[in-house]
Amino acid sequence: EGKDLQKLSENFGFSPSAVTQLQQHEFFMPGMIDTHIHASQYSYAGTALDMPLLQWLNMYTFPVESRFQDVEFAKKVYTQVVKRTLRNGTTTACYFATIHTDASLLLGQIANDFGQRALVGKVCMDRNDYPLVKPVVTPRFAPSCTEALLAKLGEIAKNNKLHIQSHISENLEEVELVKELFPNSESYTDIYHKCNILTDKTIMAHGCHLSDEELVLFRKTGAALAHCPNSNISLCSGVLNVRNVLNHKVKLGLGTDMAGGYSPSILDAMRRSLDSSKVLTIQDPEHKTLSFEEVFRLATLGGSQALSLDERTGNFKVGKDFDALRVNVASLNSHMLLSSLTCPLAGDDRNIVEVFVAGKKVVPFSEA
Ligand code: XAN
């Protein structure tokens, strides 16, 4: 082993003393990818989950989001979000900000400063200022957008080859509202499709109530879904049948959907995905429950594919960036059992000792 190190260091021109050896009980895993998270909703995560989506938006979400006009407020919250998600092993995050341009730009700057890979919307800009942070066109969802706005955003995204993110078919009341607002459309998916919103760089959150025909349209356009099970349960929105989505070969990643979901952790999204899948099996024993390996894949490579970032991140394939978590299953204060080496689901952020994005160590924080 020592001999190998000597040879490698000569071949690649590094000093053997610069090498850190993994300790017993440690391993590297690919960094986790949050395909759907509202950075602006962090301040009330874990509260305000007592009403369904549309009422929840009016009562809690819109009033809090309006405070992001104040850049100082935005700076405080966005710094907390980026640090908290990084500490939880999120090396890539696809963020919703708010309608405020200054605060959204600030979120991009904060992600960049802490070294997190990110897509940030609302960001009406057409240039990449940061190597790891890109703008993402962000119509909130069909009920709050006219067809004219959706079509214009579709055009902007197409002309500038930009990512797009939005929400679709999260709860039944929302689906009914969309039918009323767009009486001439065949389906919720059809509205976005007609406005050129569905592309192979599009990620739509939820999709709990999509029909098979709509999933076929997702597959045809290359658009992806962000499965956010904590949110779907917390707001009693619905249960996405992930197995059916995978059978339709639709790209799929996991999202925390903070603050519809109360946890900032993609490890939590993995647990909830398994729980949701088991609920479907309880209801229908024929349903093939998701395995741990499948949800692990959704949290890493699946997420990178859903965000069309899989050429850069998602696994340890040679040529991709090194986005990784150093995990210690026996770390101090952790309740994780050593036997969970084969199933790290029992862990939490205490087991993530280091986080790397594009080869740079970003946790522990350098400014801490
Ligand atoms: N639809 C939404 N769903 C959600 O979970 N969070 C939101 O902020 C939102 N806006 C529209």
Cation-pi geometry met for Lys83 and Phe365 (6.0 Å, 45°): yes
Evaluate side-chain contact (heavy atoms from CB on, under 4.5 Å) for Leu210 paired with Leu225, printing each intermediate quantity in order. CA-CA 11 Å; Leu210 291 174; Leu225 282 172; 4.0 Å; yes
Side-chain donor-acceptor pair present, Thr256, Asp34, cut-off under 3.5 Å: yes
From the list Glu173, Glu174, Lys179, side-chain contact (heavy atoms from CB on, under 4.5 Å) partner of Glu176 resolves to Lys179
Salt-bridge present (Asp321, Arg117; N to O < 4.0 Å): yes
Consider only side-chain N and O atoms of Asp257 and Ser231, and report whether a donor and an acceptor are under 3.5 Å apart. yes
Tell me, yes or no, whether the heavy-atom count around Met59 atom CE, taken from other residues, nucleotides or ligands under 6.0 Å, exceeds 12. no
If you count every heavy atom of other residues, nucleotides or ligands that lies below 6.0 Å from Gln24 atom CD, does the total exceed 12? no
CA sep, side-chain torsions, deciding dist, call: His248, Val216, side-chain contact (heavy atoms from CB on, under 4.5 Å): CA-CA 7 Å; His248 279 82; Val216 168; 4.0 Å; yes
If you take the centroid of each ring, where Trp contributes its six-membered ring, are Tyr95 and His36 closer together than 6.0 Å? no
Apply side chain to side chain donor-acceptor pair (under 3.5 Å) to Asn328 and Glu26, showing your working. CA-CA 4 Å; Asn328 186 329; Glu26 286 193 341; 3.1 Å; yes
Phe96 and His167, any side-chain heavy atoms less than 4.5 Å apart: yes
Note: Lys152-Glu147 ion pair, threshold 4.0 Å (strictly below): no
For the backbone of Asp200 and the side chain of Lys251, can you confirm whether one donor and one acceptor N or O come within less than 3.5 Å of each other? yes
Work out which heavy atom in Leu254 is nearest to a heavy atom in Ser273; give both atom names and the distance. CD2-OG, 3.4 Å
Under a 3.5 Å cutoff, is there a donor and acceptor pairing between the side chains of His100 and Thr98? yes
Can we say Arg243 and Glu294 salt-bridge, meaning some charged N sits less than 4.0 Å from an Asp/Glu carboxylate O? yes
Heavy-atom neighbours of Ile99 CD1 exceed 12 at 6.0 Å: no
If you measure from CG on Leu86 to OG1 on Thr91, what distance do you get to the nearest 0.5 Å? 8.5 Å
Anything under 30° is parallel, anything over 60° is perpendicular, the rest tilted; go ahead and classify Phe28 against Phe316. perpendicular
Minimum heavy-atom separation for Asn196 to Ile164, with atom names? O-CD1, 4.1 Å
Minimal non-hydrogen separation, Ser9 against Pro16, with atom names: OG-CG, 3.7 Å
Going by the angle between their ring planes, with limits at 30° and 60°, are Phe322 and Phe356 parallel, tilted or perpendicular? tilted
Ionic contact status for Asp349 with Arg87, cut-off 4.0 Å: no
Establish, from distance only, whether the side-chain atoms of His206 and His227 form a donor-acceptor pair under 3.5 Å. no
Side chains of Thr138 and Gln165: do they bring a donor and an acceptor to under 3.5 Å? yes
Are more than 12 heavy atoms from other residues, nucleotides or ligands located less than 6.0 Å from atom NZ of Lys320? yes
Should Arg272 and Asp268 count as an ion pair when the cut-off is N to O under 4.0 Å? yes
So, Gln109 versus Tyr78: side-chain donor-acceptor pair below 3.5 Å or not? no
Other residues, nucleotides and ligands only: do more than 12 of their heavy atoms fall within 6.0 Å of NZ on Lys194? yes
Report the C-alpha separation of Tyr44 and Thr61 in whole Å, then their side-chain angles, then the decisive distance to 0.1 Å, and conclude whether the side chain to side chain donor-acceptor pair (under 3.5 Å) test is met. CA-CA 9 Å; Tyr44 60 99; Thr61 305; 3.0 Å; yes
Can you tell me if CD on Gln55 sees more than 12 non-hydrogen neighbours from other groups inside 6.0 Å? yes
Any donor-acceptor N or O pair under 3.5 Å, side chains Gln305, Arg297: yes
What I want to check is whether the side chains of Thr199 and Thr202 have a donor and an acceptor closer together than 3.5 Å. yes
Just by modelled atom types, is the Pro63 backbone N or O under 3.5 Å from a matching donor or acceptor in the Ser66 side chain? yes
For Ala93, is there any backbone N or O sitting under 3.5 Å from a side-chain donor or acceptor partner on Thr90? no
Smallest separation among heavy atoms of Gln41 and Gly260, with atom names: OE1-N, 4.0 Å
May I ask you to decide if Leu177's main-chain N or O and Glu180's side chain share a donor-acceptor pair within less than 3.5 Å? no
Under the 3.5 angstrom rule, does the side chain of Asn351 hit a backbone N or O of Gly347 as a donor-acceptor pair? no
N/O donor-acceptor pair under 3.5 Å between Ser185 side chain and Ser187 backbone: no
If you apply the rule side-chain contact (heavy atoms from CB on, under 4.5 Å), what do you find for Val64 with Ser43, and how did you get there? CA-CA 8 Å; Val64 171; Ser43 62; 3.8 Å; yes
Evaluate Thr79 against Phe114 for side-chain contact (heavy atoms from CB on, under 4.5 Å), listing each step before the verdict. CA-CA 9 Å; Thr79 302; Phe114 280 96; 3.9 Å; yes
Heavy-atom nearest pair, Thr300 first then Ile33, reads O-CD1, 3.3 Å
